[in-house]
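Residue numbering restarts at 1 for every chain, and letters A, B, ... go by the order of the sequence lines. Just so you know, these numbers come straight off a predicted model, no measurement behind them.
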Amino acid sequence: MEFNVNSTFLYVVAAAVILFVLAQSVFFLVRAYRRGKQLGMSAKKLRSVVFSTSIFTIAPAISILLGVVTLSKFLGIPLPWIRMSVIGALTYELPAAKSAASALGIELSQTITDPATYSTVAWVMTLGILPSIILPPILMKKIKGGMLKVKNKDKKWGDIFMSSLFLGMISAFLGVVFADVRSGLPGFIPLFVLLVSAAIMGICGLLIKKLGWKWLETYALSISMVGALVFAVLISPVITG
Amino acid sequence: MNDYIKKTDKYGKIWIWTAAIVIVMVPVAICIAYNAWPPIIPLLKGLFGVAPMFWTVGVIEVITYTPMLGVGGTYLGFVTGNITSIKAPAALNAMQNLGVDADSEEGEVVSTIAIATSSIVTTIIIATGVALLTLIAPILDSPTLQPAFENILPALFGGLGVVYISKNWKLALAPLVFMVALFLIAPGLADAVGVLVPVGIIIALAAGRIMYKKGWI
């Protein structure tokens, strides 16, 4: 078979992988939805989770698509499509592709035409990410058992423990916006974006509490995120000149 | 573990091991179809360039996110990826909106629904984008939109942060101050923010334990 980064064969492989991922997602969605109803959760509430998550996912998903566009310049469309739909993220895939290319003594500046180079890149991308998929089934029992032990021993501490997990993660991603502030005004853009998002969320919270706009709960995170992204698009050219 | 979670664990393991095989079969299929097996030394060299960092991050992410995402959410989230930028925020937001705890069965259900929905939506958007790539690539590549794509995480965590911090501001103080100071002192660590998540968690846990013992929270 003649090699081409955008061959029909590679598209068929990609489509098969994507269908597998979709099947797994639908399987878990249907099971969880049915269980939610058995637990007495209303269909309206469960549907609101589906709806609000769908809206919220659109903007980050488009940024992932941008990753496919970036990688497609060297790897064609099917391989980046697979990698960005299964486990991958651009922050991993691009360095992995570059590392494989540099080990072969080539530069990733144009579309790969050599099948051996392509297969090396595909293997490095795959093997590099494999622990993320192998470890959850191995560690699940230990992690869940540990959490249960903490909760059973002291319920209040168990709740604080759980909140600490969330806040530890959130703190890291809030703190990182300060990384570039010492480089000058353009370095403040992520901080400004974060503050605008927080302010919009604060306003949504007030509207929900004071005016009883419960429906806004479903959209609040999406509104604050999109509002902050629009702000980023408007403010960046002004700041960077 | 109750019956539902036990079964979720069983099905989850079947799906995730199958996913591991499917993922490995991609480069195998490429090698067989084009009779192009990778040269072993460059393959190991290339792998060595990324594996130490990404395997470490992989271990950290699994330990950190599994308690937050629940059983079903973890098995699904780690196959579909983008845990930090989509799956974990989606699960947290959904559980927050419905007022359910992450370690309750309701939390397990809501987290799984959120992660499954975001996986489906992401997959559909990427597939649609791939189908229309020649049309939309110039828009995605346009310099006007770049600031939006560069600021997805601040835009996401600003909104999410305000909800969680306002509920637990005492608990949030120590990790937040530490992280802000750390990134001001060592901006180069920004690329390793994923590795620093467990550091933030340890600080939050230590501060939380002290405040809990003193009766401040």
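Comparing A:Thr120, A:Ile87, A:Thr117, A:Thr126 by heavy-atom pairs within less than 4.5 Å of chain B, the highest count is held by A:Ile87. Heavy-atom pairs under 4.5 Å with chain A were tallied for B:Ile136, B:Thr66, B:Ile124, B:Ile120; the largest tally goes to B:Ile120. Counting heavy-atom pairs closer than 4.5 Å to chain B, the top-ranked of the candidates A:Ser52, A:Pro131, A:Ala122 is A:Pro131. Looking only at heavy-atom pairs under 4.5 Å with chain A, the residue among B:Gly159, B:Gly77, B:Pro39, B:Ser111 that has the most is B:Gly159. Chain A forms the most heavy-atom pairs under 4.5 Å with one residue out of B:Leu156, B:Val163, B:Val177, and that residue is B:Leu156. The residue among B:Ala33, B:Ala20, B:Gly73, B:Ala181 with the most heavy atom pairs within less than 4.5 Å of chain A is B:Ala33. Among A:Phe178, A:Tyr118, A:Phe166, A:Phe9, the residue making the largest number of heavy-atom pairs under 4.5 Å with chain B is A:Phe166. With chain B as partner, the option from A:Met225, A:Arg35, A:Met1 having the largest number of non-hydrogen pairs under 4.5 angstrom is A:Arg35. Annotation: maximal heavy-atom pairing with chain A below 4.5 Å, among B:Phe48, B:Tyr75, B:Tyr164, B:Phe178, occurs at B:Tyr75. Ranked by heavy-atom pairs under 4.5 Å with chain A, the first of B:Ala190, B:Ala137, B:Gly158, B:Ala51 is B:Gly158. Chosen from A:Phe51, A:Phe231, A:Phe27, the residue pairing most often with chain B at heavy-atom distances under 4.5 Å is A:Phe27. Between chain B and the residues A:Ser224, A:Pro190, A:Cys204, the largest count of heavy-atom pairs under 4.5 Å involves A:Pro190.
With a 4.5 Å cut-off on non-hydrogen atoms, B:Thr18 touches chain A through its backbone and its side chain both. For B:Tyr65, the part lying near chain A is the side chain, with the backbone staying farther off; criterion is any non-hydrogen pair under 4.5 Å. Heavy-atom distances place the side chain of B:Leu133, and not its backbone, under 4.5 Å from chain A. Using a 4.5 Å cut-off between heavy atoms, B:Glu105 touches chain A through backbone and side chain atoms alike. The part of A:Leu139 that comes within reach of chain B is its side chain, from C-beta onward, which places non-hydrogen atoms under 4.5 angstrom from that chain. Looking at A:Val26, both its backbone and its side chain come within 4.5 Å of chain B, counting heavy atoms on both sides. Both the backbone and the side chain of B:Thr8 come within contact range of chain A, each with at least one heavy atom under 4.5 Å from a heavy atom of that chain. For chain A, the nearby parts of B:Pro89 are the backbone and the side chain; heavy atoms of each come within less than 4.5 Å. Both the backbone and the side chain of B:Val28 have a heavy atom closer than 4.5 Å to some heavy atom of chain A. Of the atoms belonging to A:Ile160, heavy atoms from both backbone and side chain fall under 4.5 Å from chain B. For chain B, the nearby parts of A:Met169 are the backbone and the side chain; heavy atoms of each come within less than 4.5 Å. Heavy-atom distances place the side chain of B:Leu153, and not its backbone, under 4.5 Å from chain A. When heavy atoms are compared at a cutoff of 4.5 Å, A:Ala23 approaches chain B by way of both its backbone and its side chain. Contact annotation for B:Ala207: neither backbone nor side-chain heavy atoms come within less than 4.5 Å of a heavy atom of chain A. Both the backbone and the side chain of A:Ser85 come within contact range of chain B, judged by heavy atoms closer than 4.5 Å. At a 4.5 Å heavy-atom cutoff, the contact between B:Ile217 and chain A is made by backbone and side-chain atoms alike. Contact of A:Ser222 with chain B is not made at all, since no heavy-atom distance falls under 4.5 Å. Heavy atoms of B:Val162 lying under 4.5 Å from chain A belong exclusively to its side chain. Both the backbone and the side chain of A:Pro95 have a heavy atom closer than 4.5 Å to some heavy atom of chain B. For B:Ala19, the parts lying under 4.5 angstrom from a heavy atom of chain A are both the backbone and the side chain. For a residue to count as touching a neighbouring chain, one of its non-hydrogen atoms must lie under 4.5 Å from one of that chain's; by this rule B:Ile203 does not touch chain A.
A cation-pi geometry, defined here as NZ or CZ lying under 6.0 Å from the six-membered ring centre and within 45° of its normal, does not hold between B:Lys7 and B:Tyr4.
Not one N or O on the side chain of A:Ser99 forms a donor-acceptor pair closer than 3.5 Å with the backbone of A:Ala96. Counting only distance, with no hydrogens or angles, the side chain of B:Ser118 and the backbone of B:Ala90 share no donor-acceptor pair below 3.5 Å. Between the B:Asn151 side chain and the B:Pro154 main chain, no donor and acceptor come within less than 3.5 Å of each other. Checking side-chain atoms of A:Ser197 against main-chain N and O of B:Ala155 turns up a donor-acceptor pair under 3.5 Å. A donor-acceptor pair under 3.5 Å is absent between the side-chain atoms of A:Lys144 and the main chain of B:Val71, judged by distance alone. A donor-acceptor pair under 3.5 Å is absent between the side-chain atoms of B:Asp101 and the main chain of B:Asp103, judged by distance alone. Side-chain N or O atoms of B:Ser104 include none that pairs as donor or acceptor with a backbone N or O of B:Val100 at under 3.5 Å. Side-chain atoms of B:Thr117 never come within 3.5 Å of backbone atoms of A:Val50 as a donor-acceptor pair (strictly under, hydrogens ignored). One N or O on the side chain of B:Glu108 and one on the backbone of B:Gly72 form a donor-acceptor pair closer than 3.5 Å. At least one donor-acceptor pair under 3.5 Å links the side chain of A:Ser119 to the backbone N or O of A:Ala116.
In terms of heavy-atom proximity, B:Ile185 sits nearest to A:Arg182 at O-NH1, 3.5 Å. Smallest separation of non-hydrogen atoms from A:Thr218 and A:Ser48: CG2-O, 3.9 Å. Listed here is the closest heavy atom pair of A:Trp157 and B:Gly208: CZ3-C, 3.8 Å. When every heavy atom of A:Ile129 is checked against every heavy atom of A:Arg83, the shortest pair comes out as CG2-NH2, 3.2 Å.
Note: B:Phe54 and A:Tyr92 have perpendicular aromatic rings, judged against thresholds of 30 and 60 degrees for the angle between ring planes.
Here the side chains of B:Thr144 and A:Val233 are in contact, with some heavy-atom distance below 4.5 Å.
Judged purely by distance below 3.5 Å, without hydrogens or angles, the side chains of B:Thr80 and B:Ser119 pair a donor atom with an acceptor atom. With hydrogens and angles left out, the side-chain atoms of A:Ser7 and B:Tyr34 include a donor and acceptor closer than 3.5 Å.
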